[in-house]
There are 2 protein chains.
Amino acid sequence: MNIKAVAKLANVSTATVSRTINGSPKVSPDTAARVRKAMETLNFVLNTNARALGSGRSNLLGLIISDITNPFFPELVKAFEDIAVSQGKEVLIANTDYDPDRTMHCVTRMLQRKVDGVAIMTSEISEHVISFFLKRKIPVVFLDTGEPAPGISRINIDYPAGVEMAMQYLTQLGHKDISFISGPLNLNSAKTRYQAFMESSAREHLSAKAEYVQEGNHRPDGGYRAMQRILALEQRPTAVLTSNDLTAIGAMGAIFEAGLRIPQDISIIGFDDIQLSAFTEPPLTTVRIPHKDVARVAIEALLGTQDPISKEPKDGAQYKIQPIFMPRRSAGPVPGEAHSFKRRRADRLHA
Amino acid sequence: MNIKAVAKLANVSTATVSRTINGSPKVSPDTAARVRKAMETLNFVLNTNARALGSGRSNLLGLIISDITNPFFPELVKAFEDIAVSQGKEVLIANTDYDPDRTMHCVTRMLQRKVDGVAIMTSEISEHVISFFLKRKIPVVFLDTGEPAPGISRINIDYPAGVEMAMQYLTQLGHKDISFISGPLNLNSAKTRYQAFMESSAREHLSAKAEYVQEGNHRPDGGYRAMQRILALEQRPTAVLTSNDLTAIGAMGAIFEAGLRIPQDISIIGFDDIQLSAFTEPPLTTVRIPHKDVARVAIEALLGTQDPISKEPKDGAQYKIQPIFMPRRSAGPVPGEAHSFKRRRADRLHA
DNA sequence: ATGGACGATGTAACCGAATTCACGCTATCT
DNA sequence: AGATAGCGTGAATTCGGTTACATCGTCCAT
């Protein structure tokens, strides 16, 4: 069941078999046919390990994410994988669970498997780790982190713009007291969004009380608990912005349990736009991160990143991705004021 | 940056380096230390491909799922990965997207990478595919499919029991007209649940009208549309059972949009118990598939499946996993009847 | 003293492909 | 006819580890 057996059966050398497998043009059509038939009858399966070893190329793209349990990531993974496969690449997924030890383990795995490139979609990677890849001339693309640096492509989601859209929407609906539920603030990604909120908040001259910002954990239970704390505040905000949809959904649970209505009593806006957000009750108004674009750009950065001639990594390109505001029904006019606010009907299916 | 360089620096043979890496007991402690220091200073990273090729073992466990976008699977993946890593194995994930072509592609990937075992968590694999693994003496464990066969371990979720629990719960609340939203009925997994529903329905002598069963697609939008069809029925059912939580959440959207209340006007029960189900409004009553148990048993089956002496696969063990009924708030008494039904309060956090 | 057992290490074959280089054959040009 | 180019093919090397087997002391029992 190896190339040698195929070669013997087809009465050619192993080199010819290898060439046939790889679609080399310098194999005559009938030889190729003979080889293919031999592979067929032997049920031949290529050994990827041997191929990678022999050729020095693995055909693998690494994808490091923080938490596969957060629906945003599977959606991203799927998009990434679809594109990668269409380019003849495979994907190696690793998740860090926000844990530095595990992160290091993920990086090691990528290195060990000799990936052709890595997309790092978690910001919890200390910068010095990058050098591991750079030293080996492995293209890297980062989502959403840190300073520009030579040789590193970065995809930046324009969080400030996203937050601004949400804030604009809310202020236009008359909201002045807007709360924020952040992710765990020891994470860079969470800090970025938090800062965007603070800046926008200041720009709009809103009351940015310290207790208006509560820390969640990017998961529903964190949003639930954070919202409970917010609801217990003396001066309750009329709107809440959350750092991701999961948090928002958890927060909605707490709001309902307090006997309040969304959006009549309190408005809420999420971030990410996961599939389910269109199906909550009410459907969640959110800021979509266009994950397909992210995936597309990431792969483009990875595969286009090597100068085809010198094989040296090109200088890292910087990409900026614009979030898209998705008005649904969880955010409405501030209570007690008459605003024209149209309820939308069929907004669940056409996301 | 290969073993040879390390060997030279540490002044030993490559064999000794290899032994050190693999923790062989027959390396003297100080030699091992010397080798390790050499690896350190050279920033040595093992080449997994070469290792796999040389040793014939890949240390990889394959995991084939149908749709990474359905939150049930990431939860399963995570559990599986956690356990695998604790056993020193890595996980290779592949998803079929319910697509036969892609399924074949997944199987090929597993074969090519020479996995040490495969957990097939999608039922959309034609039985003949198994022979690919069996022929190569690769342990296989199936979730939830087909007939017992020698050499194949199977994990069977007791769907009939799960459906029965839900049905019992509903009938005790007075429901007689119970609808079912199935998965795509061309899939085995969906058919299994559908049949369980039909049998249970018959057992309870319920009106199993044909139009009470509507086909979804395992995703929210399918549940939404299916529910719209059900709501348009002349005699509307008072309760709906769905084939998974995603479907249930979609269906809830349709119910709310029709101006109905859950559970006062209509009860709904899901299947799976994904994280989010505790945070919908109302929290979703569902039948939990204990995914951690599934993962644990799967790995146990895979790793324990080879006779340690003969290296022949042992006869496939059969495991049965009992679902767990999770009463929350989306199912209540049949409308118009007085039933004692206690609303639960803090059921979101303690899933 | 001697043979054997054992522990630590080295030597070299091997895993299954990819790839370089050489070679033979045919077709074309002068 | 002889030089030349090109195409299809094969032999042999290489990739980076693992591992069976060989080697060499050392220590102990006889």
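By convention in this document, chain letters (A, B, ...) are assigned in the order of the sequence lines, proteins followed by strands, and residues within each chain are numbered from 1. Keep in mind that this is a model prediction, so the values were computed, not measured.
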Distance, rounded to the nearest Å, where [X] contributes [atom1] and [N] contributes [atom2]:
X: A/Lys26; N: C/dA22; atom1: NZ; atom2: C1'; result: 12 Å
X: B/Leu111; N: C/dA17; atom1: CG; atom2: P; result: 12 Å
X: B/Arg113; N: C/dG16; atom1: CZ; atom2: P; result: 17 Å

Any idea how A/His291 and A/Phe72 line up, ring-wise: parallel (<30°), tilted (30 to 60°), or perpendicular (>60°)? perpendicular
Taking B/Asp82 first and then B/Lys292, would you say they form a salt bridge - that is, a charged N and a carboxylate O separated by under 4.0 Å? no
Do A/Arg113 and B/Glu90 sit within salt-bridge range, that is, some charged N less than 4.0 Å from a carboxylate O? yes
Treat primed atoms plus P, OP1 and OP2 as sugar-phosphate and everything else as base, then score nucleotides 14-19 of chain D 5' to 3': B for base contact with protein heavy atoms under 4.0 Å, S for sugar-phosphate contact only, - for none. -BBBBB
Once you apply a heavy-atom cut-off of 4.0 Å, does B/Asp30 come out as touching a base, just sugar-phosphate, or nothing? nothing
Would you classify A/Thr31 as touching base, sugar-phosphate or nothing, given that sugar-phosphate means primed atoms plus P, OP1 and OP2, and contacts are heavy atoms under 4.0 Å? sugar-phosphate
State whether the side chain of A/Ser66 and the backbone N or O of A/Thr122 hold a donor-acceptor pair below 3.5 Å, judged by distance alone. no
Does B/Ala52 offer a backbone N or O that forms a donor-acceptor pair with the side chain of B/Asn49 under 3.5 Å? no
Looking only at the side chains, is there a donor atom on one of B/Asn43 and A/Arg136 sitting less than 3.5 Å from an acceptor on the other? no
Consider only side-chain N and O atoms of B/Asp30 and B/Ser28, and report whether a donor and an acceptor are under 3.5 Å apart. yes
How long is the span from the CD1 atom in A/Ile68 to the CD1 atom in B/Ile68, to the nearest 0.5 Å? 4.0 Å
Give me the distances for all protein-to-nucleotides 23-26 of chain C N/O pairs that come in under 3.5 Å?
none

